[in-house]
Amino acid sequence: MATYVMLAFKVDRRECAKTPAMAVDDLAQLRHTAAHLLAHAVVDIFGDDVKLAIGPAIENGFYYAFLKTPAFVPEDLPRIEARMKELIGEDLAMSGEPISRDAAEKHYRDRDQPFKLDILAGIPDGEPLSMYTIGAFTDLCRGGHVNSSKDVGAVKLMSIAGAYWRGDEHNPMLQRIYGTAFPEQAQLDEYLHRLEEAEKRDHRKIGRELDLFSIEEQAGPGLVFWHPNGGRIRSVIEDFVRKQLRDRGYEPVYSPHVVHEDVFLTSGHLQSFGESMFGPIDVEEQRYRLKPMNCPGHILIYKSKPRSYRDLPLLLAEFGTVYRYERSGTLHGLLRVRGLTQDDAHLFCTPDQLQGEYENTVDAALTMLRAFAFDDFRLFVSTRPTNALGDPQVWERAEAAIRNACDHAGLAYEIDEGGGAFYGPKLDIMVRDAIGREWQLSTVQVDFNLPGRFDLTYRGADGEDHQPVMIHRALLGSMERFFGVLIEHFAGAFPVWLAPVQAAVVPIGEAQFDYAEEIGARLRAADLRVAVDRSNERLQKKIAMHQAGKVPYMLVVGKSELASGEVNVRERGGSQRAMKPDEFVANVTAEIAART
RNA sequence: GCCGACGUAGCUCAGUGGUAGAGCAACGGUUUCGUAAACCGUGGGUCGUGAGUUCAACUCUCACCGUCGGCUCCA
């Protein structure tokens with residue numbers, strides 16, 4: 001029985017929304033045709049009672065959505081796939097013909113196809129309509145196909161999943177059958193191989209194997225426990241970030257996790273974001289709330305005393321832990337959680353300072369991301385939406401500041417017209433990981449709303465009170481999500497500056513235990529994270545264990561090393577070389593400093 | 001939340017109505033060994049939780065909890 005591999009290339013939806021419609025290239029045409037063949041096969045096998053919805057090509061393949069009673073079961077897939085392969089082999093021509101709206105509606109009314117009628121109703125009058133036929137299957141379709149079923153080449157059905165009609169949970173739940181297709185079998189095989197590789201990098205699997213973190217059923221879903229190995233990495237990341245921010249003029253602050261509900265009424269979060277907040281906590285007849293965002297807290301710090309233009313810019317940074325109610329079905333390992341710690345900061349500045357602060361922030365983001373071996377970025381600027389708050393001219397200035405900051409960083413950007421939040425324009429930075437997947441990490445968001453809601457002011461040089469401009473920004477995003485991305489990026493083989501254990505000292509026999517401890521102490525004195533392996537195992541076993549633990553360096557010490565006062569350094573890749581402990585320390589210290 | 005699948009030892013997984021299994025890990029012992037897994041032994045499971053059906057439930061039914069895939073990529 002075939003195994004149905006999940007589609008592992010999970011992409012942030014926002015990215016797709018912003019990707020210019022995939023050039024109607026050959027692959028998309030081929031997959032679009034494959035979707036029609038899927039529907040053809042389903043109708044062949046299950047009859048005309050199946051209600052047809054839509055069947056587009058998508059990023060990694062295609063799907064077709066159906067409504068069928070009883071529902072499809074996984075065992076149906078091989079049958080359907082086999083029928084598709086027959087159809088492919090029959091070299092059926094794909095042909096399209098224009099059709100009038102009336103004829104199309106009659107066609108689908110006669111066949112009792114409500115979703116097709118719904119689609120028709122959604123197409124504006126005057127748009128030309130067409131029907132495409134391949135073999136015995138005709139479908140309302142805009143076109144964009146290969147000429148023959150044969151051109152579809154290699155096809156594989158991947159999974160069945162529920163999906164609301166038009167993605168709206170008020171609509172009926174349909175079943176989508178997902179598949180992928182390529183011109184050649186070899187390309188399909190390669191794709192499936194890539195999926196397997198992605199699966200091996202899954203942070204949930206590696207997190208367990210390397211004992212980095214866990215999510216405990218008893219404690220609740222979406223709440224992350226960082227184990228010592230994960231904690232070591234996190235603290236290295238946090239130290240790094242803190243140093244970066246200190247150098248850039250940020251001030252560390254700390255704010256409570258629970259504050260009076262009133263704060264979120266003032267901020268407006270309760271009104272607009274309330275559904276994503278944890279419920280109230282009653283204390284002495286007052287209602288408190290877990291914070292879903294750090295901004296109100298930082299604002300209260302700003303507001304705690306009168307501010308002068310001389311105090312600005314004020315850059316308040318916090319690893320702020322927030323709690324958000326995410327629907328249970330959306331939780332996913334470290335990538336989508338209910339409790340998360342943002343590398344958050346809020347910048348309060350004068351309008352004149354906005355440009356410079358934005359540049360500084362973008363520069364900080366790129367510097368940090370590069371330190372984690374991300375070097376392929378895509379920037380998205382989201383501009384004023386129709387429901388925007390505030391003066392359009394102010395928006396334009398802010399948008400110009402964002403664009404200038406991108407230019408200043410020397411990076412191209414794409415513009416999402418009208419994609420900004422109602423309270424301000426923003427920049428999002430996406431990174432591409434080691435196997436080509438994109439993740440949104442940084443976000444730098446101007447806010448024209450909260451300063452007003454909290455009545456923030458500063459005394460200007462003119463002696464008048466002015467409203468500061470506020471910028472929210474998280475550069476790594478959240479520690480949880482960033483860690484998940486990092487795990488997958490490095491496949492658990494963290495660079496030495498991040499690795500929870502940087503070097504394992506491995507004595508070959510008991511006779512070298514004392515020497516191994518000596519080496520361990522020497523390395524610890526140099527601030528390295530070290531494990532001395534005193535287990536009663538053979539060398540091969542010890543090496544296998546540390547290799548599985550993805551420890552960057554193993555320092556093997558046996559009789560000859562003991563005699564010569566050296567260590568035999570085995571790198572993660574397998575190469576080995578004897579050297580003095582001091583030389584090793586010098587090499588690794590340099591490597592750590594360079595973050596390579 | 002919704003649709004579907006899944007939940008057996010710390011991990012990976014066998015076990016289709018008749019007294020719960022393996023490998024790895026753990027623990028005890030033997031071995032002291034030169035670059036990816038030595039040998040012997042021991043312990044460990046309310047089979048996610050709770051109800052129900054049955055003489056009998058890991059196995060069948062229902063509910064709940066959790067996990068996984070999907071739920072804006074548009075005829």
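Proteins get letters first, then strands, A, B, ... in listed order; numbering begins at 1 in each. Note that the structure is predicted; figures quoted are calculated from it, not measured.
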>> With rounding to the closest Å, how many angstrom separate the C1' atoms on B:G18 and B:C58?
In response: 13 Å
Give every pair of a protein N or O atom and an N or O atom of nucleotides 39-47 of chain B that lie under 3.5 Å apart, one pair per line with the distance.
none

> What does A:N568 touch in the nucleic acid at a heavy-atom separation under 4.0 angstrom: a base, only the sugar-phosphate, or nothing?
Replying inline: base
> Which comes earlier along RNA chain B counting from the 5' end, the contact point of A:F513 or that of A:A544, where each point is its nearest nucleotide?
Replying inline: A:F513
Would you tabulate the nitrogen or oxygen pairs shorter than 3.5 Å linking the protein to nucleotides 23-30 of chain B?
unit_1: B:A25; atom_1: OP1; unit_2: A:K541; atom_2: NZ; d: 2.9
unit_1: B:U30; atom_1: O4; unit_2: A:N536; atom_2: ND2; d: 3.1

> NA contact type, A:E326, heavy-atom cut-off 4.0 Å: base, sugar-phosphate, or nothing?
Replying inline: nothing
> Which of these nucleotides, B:C73, B:G69, B:G1, is closest to any side-chain atom of A:R176?
Replying inline: B:C73
> What stem regions, each of at least 3 consecutive Watson-Crick or G-U pairs below 3.5 Å, can be found for RNA chain B?
Replying inline: B:1-7 with B:65-71, B:10-13 with B:21-24, B:26-30 with B:38-42, B:48-52 with B:60-64
> Quick one: the side chain of A:S560 and the base of B:G34, do they pair up donor-acceptor inside 3.5 Å?
Replying inline: yes
>> I'd like to check A:I487 versus A:L334 (side-chain heavy atoms, cut-off strictly below 4.5 Å). Are they in contact?
In response: yes
>> With nearest nucleotide decided by heavy atoms, which residue, A:F72 or A:I543, maps closer to the 5′ end of RNA chain B?
In response: A:F72
> Hey, is the side chain of A:K542 poking within less than 4.0 Å of OP1 or OP2 on B:G34, counting only N and O atoms?
Replying inline: no
> Choosing from B:A37, B:C71, B:A75, which nucleotide comes nearest the side chain of A:Y178?
Replying inline: B:C71
> Looking for any heavy atom pair under 4.0 Å, which part of the strands does A:L174 touch: base, sugar-phosphate only, or nothing?
Replying inline: nothing
> Contact class for A:R208 (heavy atom, under 4.0 Å): base, sugar-phosphate, or nothing?
Replying inline: sugar-phosphate
> Given atom CZ of A:R534 and atom C1' of B:C33, what is their separation to the nearest angstrom?
Replying inline: 17 Å
